[in-house]
Asks: 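The structure's right below; bear with me while I get my questions together.
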Amino acid sequence: MTFSSVLHTLKTGDLAESLTPQPASLHGRKGLTVLSCRMRRPKSQKPSAQSRQVEAEASDGEGGGDTAMMQQETAPVPALSKKTEQPKECFLIQPKETNEDATKTRKRKKKKITDVLAKSEPKPGTPEDLQKLMKDYYSSNRSVIELEELTLPDFCFLKANDLTHSLSSYLKEICPKWVKLRKNHSENKSVLMLIICGSAIRALELIRSMTAFKGDSKVMKLFAKHIKVQEQVKLLEKRVVHLGVGTPGRIKELIKQGGLNLNPLKFLVFDWNWRDQKLRRMMDIPEIRKEVFEILEMGVLSLCKSESLKLGLF
C-alpha cells in the first residue's frame, strides 16, 4: 500500500476493522520486535494529523521502503495488577475502650480521711474508741489472752469531752482538787498531769489555753522542737514540775532515758478530738498512734489497773 492510498483511505474514513501486530526482526537483535499497527477509529471521528503520519509510516514499512518507521523496543515486563497501589502512610490507631473495659481497668480510688470526715459531723471520742484501736493495733502479733490483758476496765477512764468544753473547763471538771494535789507534790523527774498532743505547735496552744486552770503550777514543754532531750532531763531533775504538755515521741524518749518517772502521775489526758488542717485526729496518724501505744506499755496500763492513774480524752 502506497502513501497516496493511505491518504485516500483516511479521507474517505474507511479504516481497518482490526489491528494485527506484525513481528519483524530488528537489526538481528534477539527478543526485540517491531510492531506495526493500525488505529481503529469510529467513522464519525476525523483522523488527526498525528494518526495520519503514524499510518503512513506503517504502510511504508509493509512495502519494505526505506522511510523511517515507528519502532518500539519491548523488554519483558512483569505483569502489573489492575490497580497499582500507591504507598500510603500508616497510623497506629488505638481501639476505643468500651464501658466494660473502662470499668475493668479503672482502679478503685481509696477513700481519704479528709473526704470521709468532710461529709460527716465530728463525734467526741469515747473510751471504747481507744480500746478498739488497741485491739486492732495488736491483733496481728498478740494472742487472745494477751489482747484481754490490754483491755482496761471502765474505772480507768475519766469523763470524756463532749466537744463543749475548753481545756481549762475540762481539766477543772475531771480534777476538782487540783490545788491540793499541786501543793502536796514535791518529787523531781515527774509530773502530776501529762497531756499528750500531736505536734509542738498544738502543745503551745494547749499551754496558753489552760491559764485559768494551772494557776501557780509549773508547766513544762515536752516536745522536740528546739529543745534537746538532755536539757529536758536536767530541768526535770532540778525542779518540781506539776504539768507536762508534749508529743508522744519526746515523752517516750524521756521515759526510756529515766528523765521522767510515771509512778507519781495521776492524770494522763489525750488531745483526742482536735483535728489538723487535713481533718486528722492525733490517733489517725500511724506514727503517733504507734508511739502512744508504746507509752501505754511502758507502765501506764499497769498503773491504770492499780487505780493510781486515770485516762482522759479531751
Side-chain angles (χ1 to χ4, degrees), residues 125-142 146-153 155-158 160-161 167 171 174-175 187-203 206-207 219-225 227-230 232-233 235-236 241-274 276 280-314:
T126 60
E128 289 77 12
D129 295 337
L130 178 59
Q131 300 274 29
K132 185 178 182 302
L133 283 176
M134 291 178 63
K135 287 183 179 180
D136 294 341
Y137 182 79
Y138 291 111
S139 60
S140 60
N141 54 8
R142 299 291 176 92
E146 290 174 335
L147 289 175
E148 290 179 357
E149 292 178 355
L150 294 174
T151 304
L152 294 173
F155 62 79
C156 296
F157 293 94
L158 298 165
N161 181 22
L167 182 59
L171 295 179
I174 63 174
C175 184
E187 295 184 25
N188 296 336
K189 291 186 178 182
S190 64
V191 293
L192 285 175
M193 181 179 291
L194 186 60
I195 301 174
I196 299 178
C197 58
S199 65
I201 297 175
R202 178 59 180 168
L206 292 174
I207 291 172
V219 182
M220 186 170 180
K221 306 169 186 175
L222 303 176
F223 48 77
K225 193 171 185 178
I227 305 174
K228 296 181 180 180
V229 181
Q230 297 301 327
Q232 291 175 336
V233 171
L235 289 174
L236 289 169
V241 180
H242 305 105
L243 277 165
V245 184
T247 56
R250 177 50 60 92
I251 292 172
K252 183 185 73 173
E253 193 64 27
L254 289 171
I255 296 171
K256 280 185 178 181
Q257 296 191 15
L260 182 62
N261 182 17
L262 295 178
N263 290 327
L265 185 64
K266 301 299 180 184
F267 302 96
L268 177 59
V269 179
F270 295 103
D271 187 26
W272 190 276
N273 298 304
W274 181 81
D276 59 9
R280 298 176 301 178
R281 298 176 301 179
M282 177 183 72
M283 299 299 285
D284 293 330
I285 302 172
E287 296 80 8
I288 295 179
R289 182 169 62 246
K290 179 183 176 182
E291 291 170 345
V292 168
F293 291 148
E294 289 176 353
I295 292 174
L296 293 179
E297 288 191 299
M298 286 179 170
V300 173
L301 295 177
S302 59
L303 290 173
C304 289
K305 291 179 180 180
S306 64
E307 300 186 24
S308 64
L309 176 63
K310 303 291 183 180
L311 299 179
L313 304 179
F314 172 65

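For clarity, every value in this text was computed on a predicted model and none was experimentally measured.
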Asks: Identify the two heavy atoms, one from Pro248 and one from Ile288, that lie closest to each other, and give their separation to 0.1 Å.
Replies: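 Heavy atoms only, the tightest pair is CG-CG2, 3.7 Å.
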Asks: Side-chain contact test, heavy atoms from C-beta onward, threshold under 4.5 Å: evaluate it for Gln230 versus Gln257 and give yes or no.
Replies: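 Yes; the side chains approach each other to less than 4.5 Å.
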Asks: Supply the atom-to-atom distance Leu268 CG to Leu158 CG, rounded to the nearest 0.5 angstrom.
Replies: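 It is 9.5 Å, given to the nearest 0.5 Å.
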Asks: Nearest 0.5 Å, please: how far is CD in Glu187 from CG in Leu265?
Replies: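 Rounded to the nearest 0.5 Å, the CG-CD separation comes out at 11.5 Å.
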Asks: Check for a donor-acceptor pair, side chain of Gln232 on one end and backbone N or O of Lys221 on the other, with a separation under 3.5 Å.
Replies: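 A pair under 3.5 Å: yes.
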Asks: Are the side chain of Lys310 and the backbone of Phe155 linked by a donor-acceptor contact shorter than 3.5 Å?
Replies: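 A pair under 3.5 Å: yes.
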Asks: Do Leu262 and Leu309 have side chains that approach each other closer than 4.5 Å (heavy atoms only, starting at C-beta)?
Replies: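 Not in contact.
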Asks: Measuring only between side-chain heavy atoms, which start at C-beta, is Leu130 closer than 4.5 Å to Phe157?
Replies: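 Yes, side chains in contact.
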Asks: Which heavy-atom pair separates Leu152 from Cys304 by the least distance, and what is that distance?
Replies: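 In this case the closest contact between Leu152 and Cys304 is CD2-CB, 4.2 Å.
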Asks: Would you give the length of the straight line joining atom CZ of Phe267 to atom SG of Cys175, rounded to the nearest 0.5 angstrom?
Replies: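 Between atom CZ of Phe267 and atom SG of Cys175 there are 3.5 Å.
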Asks: If you look at every heavy atom in Val191 and Gly244, which pair is closest and at what distance?
Replies: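 Nearest heavy atoms, Val191 then Gly244: CG1-N, 4.1 Å.
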Asks: Distance from Leu243 atom CG to Met193 atom CE, nearest 0.5 Å?
Replies: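 Answer for the CG-CE pair, Leu243 versus Met193, is 6.0 Å.
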Asks: Mind checking the CD1-CD1 spacing from Ile295 to Ile255? Nearest 0.5 Å is all I need.
Replies: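 Rounded to the nearest 0.5 Å, the CD1-CD1 separation comes to 5.5 Å.
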Asks: Under the side-chain contact (heavy atoms from CB on, under 4.5 Å) rule, what do Leu222 and Leu194 come out as? Steps first, then yes or no, please.
Replies: CA-CA 10 Å; Leu222 303 176; Leu194 186 60; 3.8 Å; yes
Asks: Would the number of heavy atoms belonging to other residues, nucleotides or ligands and lying under 6.0 Å from NZ of Lys305 be above 12?
Replies: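 Counting other residues, nucleotides and ligands, NZ of Lys305 exceeds 12 neighbours.
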Asks: Surrounding CD1 of Ile201 (heavy atoms of other residues, nucleotides or ligands, distance under 6.0 Å), is the total greater than 12?
Replies: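 Open: at most 12 neighbouring heavy atoms sit under 6.0 Å from CD1 of Ile201.
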Asks: Is there a donor-acceptor pair under 3.5 Å between the side chain of Ser308 and the backbone N or O of Leu303?
Replies: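 Judged by distance alone, yes, a pair lies under 3.5 Å.
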Asks: Would you name the heavy atoms of Asp271 and Met282 that are closest together and state the gap between them?
Replies: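 That would be O-CB, 4.0 Å.
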Asks: Looking at every heavy atom in both Asp136 and Ser139, which two are closest together, and how far apart are they?
Replies: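 Nearest heavy atoms, Asp136 then Ser139: O-OG, 3.1 Å.
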Asks: Would the distance check show the side chain of Gln131 and the main-chain N or O of Thr151 forming a donor-acceptor pair, the cut-off being under 3.5 Å?
Replies: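 No; zero donor-acceptor contacts below 3.5 Å.
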Asks: Do Val300 and Leu311 make a side-chain contact, defined as non-hydrogen atoms from C-beta onward lying under 4.5 Å apart?
Replies: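 SC-SC contact between Val300 and Leu311 confirmed.
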Asks: Can you name the one residue among Met134, Lys252, Glu287, Met283 that meets side chain to side chain contact (heavy atoms under 4.5 Å, CB included) with Val292?
Replies: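 Of all the options given, the one that passes is Met283.
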Asks: Evaluate the criterion side-chain contact (heavy atoms from CB on, under 4.5 Å) for residue pair Lys135 and Arg142; output intermediate values, then yes/no.
Replies: CA-CA 9 Å; Lys135 287 183 179 180; Arg142 299 291 176 92; over 6 Å; no
Asks: Please give me the minimum heavy-atom distance between Arg289 and Leu133, naming the atom from each residue.
Replies: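 Result for this residue pair: CD-CD2, 4.4 Å.
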Asks: First locate atom CD1 of Ile174, then atom CZ of Phe314, and finally report the distance between them rounded to the nearest 0.5 Å.
Replies: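 Going from the CD1 atom of Ile174 to the CZ atom of Phe314 covers 10.0 Å.
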Asks: Give a yes or no answer on whether the side chain of Asn273 reaches the backbone of Gly125 with a donor-acceptor pair at less than 3.5 Å.
Replies: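 Yes, Asn273 side chain to Gly125 backbone: donor-acceptor pair under 3.5 Å.
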